[in-house]
Amino acid sequence: MTDIPRLIIDTDPGQDDAAAILMALGWDALGKIKLEALTCVAGNVPLAYTAKNARIICDWAQRENLPVYAGADRPLLKPLITAEEVHGKNGLDGVTLHEPRTPLQAQHAALYLAETLTAAAPHSITLCPIGPLTNLALAFSLAPHCVQGIKEIVIMGGTFFEPGNVTPNADFNFFVDPIAAQIVLQSGASIRIVPLDVTHQACITRERMNRLRALPNQNGTRLADILQSYERFDIQKFGLDGGPLHDPCAIAYALHPEWFTCKTVHVAVETATGLCEGASAVDWHGTTGKTPNAEWAYRIDDEAFFDGFTEAVTALP
């Protein structure tokens, strides 16, 4: 591959975040992407846990040299809502955790993003935010011109055809900080959205779990243990055939957009409190006349996706 994507993952690990980060680290080991840093935000669990978990995941992949930055510990204008009932109190239910060896960088994640993107060559870095979008919104507010360095933003968030997973109308990531999501959508960057519409088609079925357990490395079994704990919640609440691999879908899109079917649309997020807070307003038929600002994925080749996911995990220690 001549043009290797340069990625920064903004994350709130979280069990499916762990799967996404390990997927990216596996593809990085194979030379398919260049993972530049992890920036952490409060979301699935508070920031103290997400920043620690990101560093533990780097340890698992023997990538203690990957820079990890801690960022926003709360949404822009509302109290933090977490998902500990899904991911466990520390965010990585299902496995024993250790004190991380990977260091935490001193710089705030939003400042790192603002400076890095400002200094980058135009349209050279792909951002994969797979948690609430607070860090990106802060970076864009600190340095609006930093958008020039972004090739594209691949967001895991939103929902249109599927019901919400935190309210009837909203997915977790947009609901936690809808104002941040709206700031990012209005940034002028090239945006791809991988919503629940797609991620609910990419489930970790029993057969797929067994494939991970059969891999001849530590991380295949470790990931299966994490996802087995995670899947119980989604099976019980949503009746799905296994837990959706929400966040790995965003990593997959960054390298393999051909696995996804998308439509160019205008997307906005409801920022007012009430029944529709955090809901995605997707102008599917162009009825508002507003200029499209995103590619909205609505279908995935889930077999190709899981083959690629397994390939990435196989490359890990």
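In this text the structure is predicted, and so the values were computed from the model without any measurement.
- Annotation: L97, atom CG; neighbour count of heavy atoms from other residues, nucleotides and ligands within 6.0 Å is above 12.
- Side-chain atoms of D59 come within 3.5 Å of backbone atoms of R101 as a donor-acceptor pair (strictly under, hydrogens ignored).
- Nearest heavy-atom pair across G14 and L92 is O-CD2, 3.4 Å.
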Q: In sequence, state the C-alpha distance, the side-chain angles, and the governing distance for I8 and T39, and then conclude on side-chain contact (heavy atoms from CB on, under 4.5 Å).
A: CA-CA 7 Å; I8 296 172; T39 55; 4.3 Å; yes
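- Note that CG of D302 and CZ of R208 are 4.5 Å apart. Values are rounded to the nearest 0.5 Å.
- Counted by atom type alone, R213 and N210 present zero donor-acceptor pairs between their side chains at under 3.5 Å.
- Here the closest non-hydrogen pair linking A54 and P13 is N-CG, 4.0 Å.
- Partners of D171 under the side-chain hydrogen bond (donor to acceptor under 3.5 Å, both in side chains) rule, at least two apart in sequence or in another chain, do not exist in this structure.
- The aromatic ring centres of F309 and F306 sit less than 6.0 Å apart.
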Q: Verify side-chain contact (heavy atoms from CB on, under 4.5 Å) between L245 and L227, making sure each step is shown before the conclusion.
A: CA-CA 9 Å; L245 291 171; L227 294 175; 3.9 Å; yes
Q: Mind running side-chain hydrogen bond (donor to acceptor under 3.5 Å, both in side chains) on E270 and Q182 for me, showing each step along the way?
A: CA-CA 8 Å; E270 178 57 73; Q182 186 62 9; over 6 Å; no
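- Not one N or O on the side chain of N169 forms a donor-acceptor pair closer than 3.5 Å with the backbone of A279.
- In this structure a side-chain-to-backbone donor-acceptor pair under 3.5 Å is present from Q148 to L117.
- Between H266 and W296, the ring centre distance reaches or exceeds 6.0 Å.
- At distances below 3.5 Å, at least one donor-acceptor pair connects side-chain atoms of S141 with backbone N or O atoms of A137.
- With hydrogens and angles disregarded, no donor-acceptor distance shorter than 3.5 Å links the side chain of N173 to the backbone of L133.
- Using a 4.0 Å cut-off between charged side-chain N and carboxylate O, D28 and R63 make a salt bridge.
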Q. Can V267 and N293 be said to form a side-chain contact (heavy atoms from CB on, under 4.5 Å), step by step?
A. CA-CA 7 Å; V267 183; N293 60 351; 4.0 Å; yes
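- The two residues S280 and F174 come nearest to each other via the heavy atoms OG-CD2, 3.6 Å.
- V198 and I153 sit in two unconnected hydrophobic clusters of ILVMFWY residues. Membership requires side-chain heavy atoms under 4.5 Å apart, directly or through other members.
- How far OG1 of T118 is from NE2 of H145: 6.5 Å, rounded to the nearest 0.5 Å.
- Judged by distance alone, with hydrogens and angles left aside, the side-chain atoms of N135 form a donor-acceptor pair with the main-chain N or O of C40 at under 3.5 Å.
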Q: Go through the steps for K263 and Y298 under the test side-chain contact (heavy atoms from CB on, under 4.5 Å), then give the verdict.
A: CA-CA 8 Å; K263 185 169 182 175; Y298 61 94; 4.1 Å; yes
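- In the hydrophobic clustering of ILVMFWY residues, with side-chain heavy atoms under 4.5 Å counting as a link, V95 and L212 come out together.
- Closest approach of F260 to A297, counting heavy atoms only: CD2-CB, 4.3 Å.
- The residues R211 and D307 are annotated as salt-bridged, a charged nitrogen and a carboxylate oxygen being separated by less than 4.0 angstrom.
- Side-chain contact between L196 and F160 is absent, with no heavy atoms from C-beta onward closer than 4.5 Å.
- By the 4.0 Å N-to-carboxylate-O rule, R55 lies too far from E99 to be salt-bridged with it.
- Put simply, the side chain of K78 gets close to the backbone of F175: a donor and an acceptor are under 3.5 Å apart.
- Remark: Q201 pairs with no residue by the side-chain hydrogen bond (donor to acceptor under 3.5 Å, both in side chains) rule, at least two apart or across chains.
- Going from atom CD of Q218 over to atom CG of L223 covers 13.0 Å, rounded to the nearest 0.5 Å.
- Distance alone, capped at 3.5 Å, places no donor-acceptor pair between the D247 side chain and the M156 backbone.
- Under a hydrophobic clustering in which Ile, Leu, Val, Met, Phe, Trp and Tyr are joined whenever their side-chain heavy atoms come within less than 4.5 Å, directly or via other members, F305 and I21 fall into the same cluster.
- Between the N217 side chain and the V313 main chain, a donor and an acceptor come within less than 3.5 Å of each other.
- Ring orientation note: the planes of W284 and F161 are nearly perpendicular, at an angle over 60° on the 30°/60° scale.
- Of the inter-residue distances, the one linking D197 atom CG with T199 atom OG1 reads 8.0 Å to the nearest 0.5 angstrom.
- The two residues L66 and C58 come nearest to each other via the heavy atoms CD2-SG, 3.8 Å.
- With values rounded to the nearest 0.5 angstrom, L136 atom CG is found 10.5 Å from I183 atom CD1.
- Closest approach of G289 and D283 over heavy atoms only: N-OD2, 4.0 Å.
- Neither I155 nor V41 shares a network with the other; the hydrophobic side chains, linked directly or stepwise wherever heavy atoms of I, L, V, M, F, W or Y lie under 4.5 Å apart, form separate groups for each.
- Salt bridge annotation for D177-R74: absent, with no cationic side-chain nitrogen under 4.0 angstrom from a carboxylate oxygen.
- Clustering ILVMFWY residues whenever any of their side-chain heavy atoms sit less than 4.5 angstrom apart, transitively, puts I125 in a cluster other than the one holding L111.
- Under the 3.5 Å distance criterion, the side-chain polar atoms of D12 are matched with a main-chain donor or acceptor of N44.
- Residue L127 forms a side chain to side chain contact (heavy atoms under 4.5 Å, CB included) with just one option from L113, D10, V154, and that option is L113.
- Taken to the nearest 0.5 Å, the NE2 atom of H98 stands 11.0 Å off from the OG1 atom of T96.
- Looking at L7 and E36, their side chains never come closer than 4.5 Å, going by heavy atoms from C-beta outward.
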